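In this chain, residues are counted from 1 in sequence order. Quick caveat: nothing in here was measured; it's all calculated off a predicted structure.
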Amino acid sequence: MAAKYDVIVVGAGHAGCEAARACARMGLRTGMVTMNLDLIAQMSCNPAIGGIAKGHLVREIDALGGVMGEVTDAVGIQFRLLNTSRGPAVWSPRAQCDKKQYRVKMREVLEREANLRVIQAEVAYLVIEDRRVTGVALRDGRSLCASAVVVTTGTFLNGLAHVGESRYSCGRSGEAPSILLGEQLREVGLAWTRLKTGTPPRLDGRTIEWSRFERQGGDANPTPFSFLTERIDRPQIDCFVAYTTDRTKEVIAGAISRSPLYSGQIEGIGPRYCPSIEDKFVKFPDKGRHQIFLEPEGLDTNEVYVNGMSTSMPVDVQVAMVASIEGLEDAEMVRPGYAIEYDAIDPRELKHSLEVKSIEGLFLAGQINGTSGYEEAGCQGLIAGINAARKVGGQEPFTVGRTEGYTGILIDDLVTKGADEPYRMFTSRAEFRLHLRIDNADERLTPLGRRLGLVTEERWARFEKKQAEKAALRRWLASTRVDLKRLPGHEFSGGDRPFLEVWLRRPEAGWEGLGGWASEDLGWAVDQGAWMTVETETKYAGYIEQQERQVRRLKDAEGRRIPSGFTYAGIAGLSREIQEKLERVAPATLGQAARIPGVTPAAVAVLDVYLNLATG
């Protein structure tokens, strides 16, 4: 007999882990199917979490009640807050993780969920009846019934790896691809594309001359990813900065014809913002050198990740490339770099809930939707899992809006514009960066996670405590005048002593000078996170108020609903091209219609008139 679940999650990568944990925590009997139990949450590329804008996504996952931030804080071996030379809107945390301990910790967390079962098997195909998914069939002959299925197969769908002239089928190097499921998804009528990603060689750290490289340490006061983590006290490792040389350029130029990227062997489109090392030299011939980073993969391994040297060159060329870098002349390569092509579904096939428009109960998340990166996969997995659970419960879909988080921006971009290349999140994609900071992700999203059933009592208690602290701090700043004994070295015209709220708006002013004073007056130690938010909102009050007005205008446009099944054909004033774009995407709101590439403001105005006529 077939085993019965409420939700089946296919795949146990970063999207699958978030989806499965969310469904289980929301009270649904959940089955997560993976080809290898020992590789749950495998960090197949760089064992690092976060980075520019990606750190925002992890904070949002955590604020909603997801798991990625908690695991990262538990196994991180170097923490850095990036972009601190700029404003707080673009500050982003990043952590180098222990690769093995990340998957060990993630499995431990998942196995504590009472409603979650992890199954080692390969999904051969989805069971679809009358355009509705009813379960999955496993390659070993078993069947699993479910009311909803979340597919998070990463690079495994018809995966094909390239190392120079050689190529072989795989999901990740050394792992079997998912051929049967990949062929089915092509056959059920979903538009698909072929994408490519890659990894660099890994080196044996014992053979590297570390003294010849620039040391890059972690932050003295690490910034955690999870709002549950009070502080990170563990010692941190160093990473190192290196540079390519003229010899590196010569090696690549002499072997470029053997590169699968330039021989025509690779058909898939790679990530524009993370090019291979050979691509860098070809596309930027005037650049003298390229920066790379040597990043340890864990505390109990000698394996070192060569960040910035992603390549699919033949192994002998990779060896010569590595040896061309000063300090790596005698370095031994543990694993060669490789490129991998894989199938991805056109994300315009999806609703904002990440449910497939044409197959009820089927949700997709992660690289299958054309994204790159663990963080982009994780936030999609969380949203897909939430909506799969709500689908089973007969509830309305849950979405994060563009004004509520980078998660909402990512999903809206995907389902509105599609993905012609692997999608990567950047802060520049956000219309309201100052509103979507890392420090206020909990304020934006934790109440939503609470209503969904993902936020625990512990997390909610901490959230309420922080909100109370921020309110008390604001009152204290607004009612306390500058004391020159406590703030020596400051001058004020006419001997006037302004309130601290006014003083804090000065460029040179900061919470560090007020921390002890506030704690003494208020009678409790003020949380650094609360201080960070209050200081930012005080310094940038005018800009924040301006953005809030813009947010309200965007929400008005998003509130203008377009009825399901609305027909665009025949609307005077809309070109045939625009009609076809609108029919293809089927936007849910006037705001989404306006973001479709090629849909002009004039067309949106025409559509608004017709919507008024159609809806009375």
Side-chain angles (χ1 to χ4, degrees), residues 51-61 63-64 82-83 86-92 272-273 347-348 350-354 369-373 375-376 379-380 383 398-421 423-445 448 533 536-537 539-562 581-582 585 587-605 607-608:
I52 304 300
K54 291 171 176 283
H56 289 72
L57 291 175
V58 183
R59 274 291 182 94
E60 292 178 2
I61 290 169
L64 278 169
L82 308 182
N83 263 357
R86 302 181 181 182
V90 294
W91 293 352
S92 294
R272 182 190 316 181
Y273 304 104
R348 289 173 294 186
L350 307 175
K351 304 174 185 178
H352 277 82
S353 63
L354 298 182
N369 291 340
T371 58
S372 66
E375 304 82 2
E376 289 88 347
C379 70
Q380 290 177 74
I383 299 302
F398 167 77
T399 58
V400 175
R402 293 185 73 91
T403 61
E404 295 173 313
Y406 280 87
T407 297
I409 294 168
L410 180 149
I411 292 174
D412 184 64
D413 282 351
L414 289 176
V415 304
T416 301
K417 302 175 183 177
D420 296 329
E421 60 187 53
Y423 179 101
R424 178 176 178 175
M425 179 51 70
F426 291 102
T427 53
S428 59
R429 297 189 189 274
E431 295 90 342
F432 311 111
R433 289 190 291 274
L434 193 55
H435 175 63
L436 302 178
R437 307 183 309 275
I438 60 170
D439 63 279
N440 70 354
D442 56 343
E443 192 168 340
R444 291 183 276 118
L445 298 172
L448 300 178
T533 301
T536 299
E537 292 176 350
K539 282 187 180 297
Y540 298 92
Y543 296 104
I544 291 173
E545 184 179 343
Q546 181 184 36
Q547 283 205 352
E548 286 174 349
R549 290 195 296 269
Q550 294 170 334
V551 165
R552 287 193 291 271
R553 287 198 292 270
L554 180 59
K555 283 185 174 180
D556 288 342
E558 291 297 336
R560 190 81 172 86
R561 306 295 299 178
I562 299 176
K581 288 177 182 290
L582 291 167
V585 175
T589 68
L590 197 63
Q592 186 189 357
R595 292 190 293 275
I596 298 173
V599 175
T600 63
V604 174
L607 182 56
D608 189 28

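Put simply, CG on Leu410 and CD on Glu60 are 10.0 Å apart, with the number rounded to the nearest 0.5 Å. Here Ile544 contributes atom CD1 and Lys539 contributes atom NZ; the two are 12.0 Å apart, rounded to the nearest 0.5 Å. In this structure, Leu82 CG and Lys54 NZ are separated by 12.0 Å, a value rounded to the nearest 0.5 Å. To the nearest 0.5 Å, atoms CZ (Arg595) and CG (Leu590) are separated by 10.0 Å. Going from atom CZ of Arg429 over to atom OH of Tyr423 covers 4.0 Å, rounded to the nearest 0.5 Å. Separation of atoms CD (Glu375) and CZ (Arg59) is listed at 14.0 Å; rounding is to 0.5 Å.
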>> If you apply the rule side-chain contact (heavy atoms from CB on, under 4.5 Å), what do you find for Val585 with Val599, and how did you get there?
In response: CA-CA 11 Å; Val585 175; Val599 175; over 6 Å; no

>> Let's go through Thr371 and Gln380 carefully: what are the C-alpha distance in whole Å and the side-chain angles of both, what is the deciding distance for side chain to side chain donor-acceptor pair (under 3.5 Å) to 0.1 Å, and is it a yes or a no?
In response: CA-CA 10 Å; Thr371 58; Gln380 290 177 74; 3.0 Å; yes

>> Between Thr533 and Asn440, is the side chain to side chain donor-acceptor pair (under 3.5 Å) condition met? List the steps.
In response: CA-CA 7 Å; Thr533 301; Asn440 70 354; over 6 Å; no

> Can Leu582 and Ile596 be said to form a side-chain contact (heavy atoms from CB on, under 4.5 Å), step by step?
Replying inline: CA-CA 8 Å; Leu582 291 167; Ile596 298 173; 3.9 Å; yes

>> Quick one, Val90 with Ile52, criterion side-chain contact (heavy atoms from CB on, under 4.5 Å). Give me CA distance, side-chain angles, the key distance, then yes/no.
In response: CA-CA 7 Å; Val90 294; Ile52 304 300; over 6 Å; no

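Within the 4.5 Å cutoff, the side chain of Leu354 has heavy atoms near those of the Ile411 side chain. When side chains are defined from C-beta on, Thr407 counts as touching Leu57, because their heavy atoms get closer than 4.5 Å. Looking only at side-chain heavy atoms (C-beta outward), Leu434 and Gln546 stay at 4.5 Å or farther from each other. Side-chain contact between Leu448 and Glu404 is present, with at least one heavy-atom pair separated by less than 4.5 Å. Side-chain contact between Asn83 and Thr427 is absent, with no heavy atoms from C-beta onward closer than 4.5 Å.
Here the side chain of His435 pairs a donor or acceptor atom with the backbone of Thr403 at under 3.5 angstrom. In this structure, His352 contributes its side chain and Gly401 its backbone to no donor-acceptor pair below 3.5 Å. The backbone N or O of Arg402 lies less than 3.5 Å from no partner atom in the side chain of Asp412, so there is not a single donor-acceptor pair. Put simply, the side chain of Arg424 never gets that close to the backbone of Ser372: no donor and acceptor are under 3.5 Å apart.
When all heavy atoms are compared, the tightest approach of Tyr406 to Phe426 is CE2-O, 3.8 Å. The nearest pair of heavy atoms linking Gly598 to Lys581 is CA-CE, 4.2 Å. Nearest heavy atoms, Ala441 versus Ala63: O-CB, 3.4 Å. Closest heavy-atom contact between Ala419 and Asn369: CB-O, 4.3 Å. What you find for Trp91 and His56 is that their closest heavy atoms are O-CE1, 3.1 Å. Pro88 approaches Thr536 most closely through the heavy-atom pair CG-CG2, 3.7 Å.
Annotation for Tyr543: atom OH does not count as buried by contact number, only 12 or fewer foreign heavy atoms lying within 6.0 Å. Applying the 6.0 Å contact sphere to CG of Asp420 captures no more than 12 heavy atoms from other residues, nucleotides or ligands.
Using a 4.0 Å cut-off between charged nitrogen and carboxylate oxygen, Glu443 and Arg437 do not count as a salt-bridge pair.
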